[in-house]
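Structure first, then comments.
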Amino acid sequence: MCGIIGILGGKAVAPLLIDGLRRLEYRGYDSAGIATLSNGAIDRRRSEGKLANLADLVDRDPIEGTIGIGHTRWATHGRPSEANAHPHANERVAVVHNGIIENFQELRRELEAQGHVFETETDSEVIVHLISEQLNQQKTPQDAVAAALKRLEGAFALAILFAGRHDLMIGARRGSPLAVGFGSGEMYLGSDALALAPLTDRICYLEEGDWVVLDHGDAQVFDETDQPVAREVKQTALSGAMIGKGQYRHFMQKEIYEQPAVIGDTLHSLINPMSRTVELPDVPLDLGKVSRFTCCACGTAHYATAVAKYWFEQIARQPVEIDIASEFRYREAPMPEGGVGLFVSQSGETIDTLSALRYAKQQGQTILSIVNVPESAIARESDGVLPTLAGPEIGVASTKAFTTQLAVLACLAIAVGRARGTIDGEQEARLSQSLIEVPARVTEVLQSDAAIKAIAADLIYTRDVLYLGRGLLFPIALEGALKLKELSYIHAEGYAAGEMKHGPIALIDEDVPVIVCAPSGPLFEKTAGNVQEVRARGGAVILISDRAGIERIGEYARHCIEMPAIDPFVAPILYSIPVQLLAYHTAAQKGTDVDQPRNLAKSVTVE
Ligand code: F6R
């Protein structure tokens with residue numbers, strides 16, 4: 001989604017703004033721009049497409065100034081184009097905006113009637129004219145912004161620059177996050193802390209409805225009633241060095257390879273390896289007395305909750321409901337007394353997940369969240385947080401965030417099972433031990449990378465691919481299909497293997513590869529039957545299984561990916577790796593934009 005950076009500094013600001021935008025690229029965007037004050041006048045450079053286009057433009061036509069704002073835009077209202085790119089500006093004010101102004105049509109009509117001339121198709125441009133209208137009435141910039149904010153409906157994070165005011169920048173947030181960075185004699189605004197990482201490690205997060213007035217040395221924060229408020233300034237652990245690609249070709253590849261380490265870090269924070277027991281921090285409730293867990297998330301994070309449903313039910317006999325957050329938030333679902341709302345999100349800012357959380361809170365649920373960004377809105381609004389220790393995930397497609405979410409959910413299932421008395425100490429030790437061994441097994445799976453790359457070469461010309469799995473592997477089939485379609489633009493569907501006969505089998509012919517995730521275990525023979533059915537119809541099976549599984553049905557497959565023999569409990573974590581690699585190599589060999597697939601955004605902060 002869109003990204004914001006603002007710098008009120010002492011040096012040439014254009015290169016710093018472009019650098020900041022680069023760190024926001026991972027969020028997804030289709031145009032970008034910057035505005036500065038050059039001799040007191042607003043100057044802008046904007047361009048469609050990648051940031052390299054903007055950087056080239058600034059090289060050809062430099063832009064001066066020590067104060068400026070920048071933006072990466074992911075189109076909502078108005079197509080991606082230079083004219084619609086932010087900053088939007090007139091001769092008095094320049095604005096960058098994340099979010100959606102819901103009443104922009106009504107405001108635009110009103111402002112046009114007052115003589116304002118609009119240049120773009122965007123909702124954001126009304127903010128420029130609203131503020132200018134107030135300035136025209138001789139208000140100070142602060143008063144003009146305060147008045148304009150009261151007219152806006154919808155979600156926004158804003159950074160605003162004023163002609164002739166080198167010493168002033170104003171930011172505001174409602175619905176979309178905005179961070180204030182404190183430098184020495186410099187101040188910053190950023191849509192997330194990563195944008196500000198190399199500039200400062202002192203960050204203050206604005207709260208809902210806050211707006212902030214920056215000068216060179218300080219920030220004055222006001223709440224939505226315009227009362228001055230104090231907001232805590234925190235030290236952030238993010239550093240600019242953490243976001244390079246290292247020896248890898250893509251961030252996604254690097255992040256796939258980081259999984260042994262980050263799954264290990266996450267598990268170490270939750271499992272005592274000596275006693276082989278799960279020790280959860282920060283869970284403000286009796287896990288043995290939860291009437292129901294209602295899990296909400298989006299996309300890949302939703303598939304993590306789908307795996308968790310099997311775990312919670314099998315290990316803890318715990319009733320669990322899962323739902324896609326965008327559906328749940330409008331379903332008006334009744335929620336039980338003594339229930340827990342469990343929200344899973346890498347970014348911690350996904351608007352649907354955040355809104356579902358707020359609904360669950362209103363319904364009296366205790367709120368637990370599993371997030372990768374500890375300072376995020378979802379974390380801040382939760383009663384208890386179980387962090388994934390995946391580190392910054394830059395590739396748009398979730399990889400290490402997903403497997404660390406699974407690691408946390410597996411530990412939570414064990415803790416709930418223990419609290420409900422459905423597992424004893426010995427079973428807890430066995431399950432914990434199988435988790436402790438996961439990082440080493442992931443390293444083994446990564447050794448199949450070259451073989452998986454060769455198999456992916458077979459997929460790049462296909463139009464459709466099916467993924468099948470049963471039980472704990474059904475969500476991994478869904479995840480595999482999502483990864484392949486979002487990265488390679490090949491149509492893919494995941495199915496519960498038992499559902500194949502109820503429709504999808506009609507699609508199977510020699511042109512449709514079927515990727516089957518089938519570890520040895522109680523459900524193996526059932527899935528083996530599905531493999532035979534696919535073969536009988538000429539379909540090409542790619543079998544992901546362990547040695548025993550491959551010995552049993554490998555002869556019916558065109559390709560086999562051999563996995564280590566493992567406890568079925570941890571199979572979803574391990575089997576995520578080959579489906580990630582298949583999608584990665586298919587996309588990389590097709591030549592698509594692996595780290596920033598078209599139309600996608602890393603953090604979906606608008607509906
Ligand atoms: C797919 C992917 C998305 C995210 C989804 C939720 O690879 O990354 O489906 O999982 O947008 O994002 P978060 O986890 O930030 O709430």
Side-chain angles (χ1 to χ4, degrees), residues 4-10 13 35-37 40-42 65-71 86-99 101 103 107 110-111 114 116 124-183 185-191 203-233:
I4 286 179
I5 177 134
I7 301 177
L8 199 166
V13 79
T36 64
L37 287 190
I42 292 168
T66 56
I67 177 172
I69 53 180
H71 191 260
H86 299 218
H88 294 297
N90 57 17
E91 66 291 345
R92 305 196 71 170
V93 182
V95 173
V96 290
H97 165 223
N98 285 357
I101 304 301
N103 59 337
L107 291 172
E110 176 187 318
L111 288 156
Q114 287 166 343
H116 291 261
S124 312
E125 197 187 348
V126 293
I127 305 166
V128 172
H129 295 281
L130 264 182
I131 297 172
S132 311
E133 179 58 30
Q134 299 295 324
L135 292 173
N136 291 345
Q137 293 169 24
Q138 310 309 322
K139 290 205 172 127
T140 63
Q142 284 90 323
D143 290 345
V145 170
L149 292 177
K150 295 195 178 49
R151 301 292 318 278
L152 299 176
E153 287 169 21
F156 52 80
L158 305 174
I160 310 162
L161 204 61
F162 300 86
R165 295 295 307 268
H166 288 272
D167 54 344
L168 177 71
M169 185 177 294
I170 298 185
R173 75 151 282 182
R174 197 192 295 162
S176 298
L178 193 67
V180 181
F182 292 72
E186 299 201 338
M187 295 294 293
Y188 316 102
L189 290 175
S191 44
I203 302 278
C204 152
Y205 289 90
L206 295 186
E207 292 189 6
E208 201 52 18
D210 283 355
W211 57 287
V212 62
V213 179
L214 307 182
D215 62 28
H216 275 101
D218 206 5
Q220 173 71 67
V221 183
F222 300 89
D223 67 10
E224 61 194 338
T225 62
D226 302 336
Q227 294 307 306
V229 279
R231 300 285 181 227
E232 195 187 346
V233 180

Test side chain to side chain contact (heavy atoms under 4.5 Å, CB included) applied to Leu214 and Leu168, step by step: CA-CA 6 Å; Leu214 307 182; Leu168 177 71; over 6 Å; no
Test item: His216 side-chain N/O and Met187 main-chain N/O as donor-acceptor pair under 3.5 Å: no
Nearest-0.5 Å distance that lies between atom CG in Leu107 and atom CG in Leu130: 5.0 Å
From CA spacing to verdict: side chain to side chain contact (heavy atoms under 4.5 Å, CB included), Ile131, Ile160: CA-CA 10 Å; Ile131 297 172; Ile160 310 162; 3.8 Å; yes
Closest non-hydrogen atom pair between Pro228 and Gln220, with its separation: CB-NE2, 3.4 Å
Flag side-chain contact, heavy atom, 4.5 Å: Phe222 against Val213: yes
Polar side chain donor-acceptor pair, Glu186 to Tyr188, under 3.5 angstrom: yes
Minimum side-chain heavy-atom gap Phe162-Val145 below 4.5 Å: yes
All pairs passing salt bridge (charged side-chain N to carboxylate O under 4.0 Å, His left out) where residues 162-171 contributes a residue, at least two apart: Arg165-Asp167
Any Met169 side-chain heavy atom under 4.5 Å of Ile67 side chain: yes
Charged N-O contact under 4.0 Å between Glu207 and Arg231: yes
With Gln137 via side-chain hydrogen bond (donor to acceptor under 3.5 Å, both in side chains) - residues at least two apart: Glu133
Interatomic distance, Leu152 atom CG to Leu158 atom CG [nearest 0.5 angstrom]: 7.0 Å
Nearest non-hydrogen partners of Leu135 and Ala144, listed with the distance: CD2-CB, 3.8 Å
Any side-chain heavy-atom pair of Cys204 and Glu232 under 4.5 Å: no
Expected output: side-chain His71 to main-chain His97 donor-acceptor under 3.5 Å: yes
Shortest non-hydrogen separation from Gly171 to Leu189 and the atoms involved: CA-CD1, 3.8 Å
Check: Val180 and Leu206 side chains under 4.5 Å, non-hydrogen atoms: yes
Pair Ile203-Val233, side chain to side chain contact (heavy atoms under 4.5 Å, CB included): steps then yes or no: CA-CA 5 Å; Ile203 302 278; Val233 180; over 6 Å; no
Pairs where residues 212-229 contributes a residue and the test salt bridge (charged side-chain N to carboxylate O under 4.0 Å, His left out) is met, not counting sequence neighbours: Lys150-Asp226
Interatomic distance, Glu125 atom CD to His88 atom NE2 [nearest 0.5 angstrom]: 6.5 Å
Reported CG-to-CD1 distance for the pair Leu161 and Ile170, which is rounded to 0.5 angstrom: 10.5 Å
Minimum heavy-atom distance between Arg173 and Glu208, given as atom pair plus value: NH2-OE1, 2.7 Å
Side chain proximity check, Asn98 to Phe156, heavy atoms < 4.5 angstrom: no
Nearest atoms (heavy-atom pairs only) where Ala94 meets Ile42: N-CD1, 3.7 Å
Non-neighbouring partners of His116 that pass ring-ring contact (aromatic ring centres under 6.0 Å, His included), sequence neighbours left out: His129
Test side-chain contact (heavy atoms from CB on, under 4.5 Å) applied to Val13 - qualifying residues, sequence neighbours left out: Ile7, Leu17, Thr36
Under the salt bridge (charged side-chain N to carboxylate O under 4.0 Å, His left out) test, residues paired with Arg151 that sit two or more places apart: Glu110
Side chain to side chain contact (heavy atoms under 4.5 Å, CB included) between Asp143 and Gln134, intermediate numbers included: CA-CA 8 Å; Asp143 290 345; Gln134 299 295 324; over 6 Å; no
Ile4 CD1 to His86 NE2 distance, which is reported to the nearest 0.5 Å: 8.5 Å
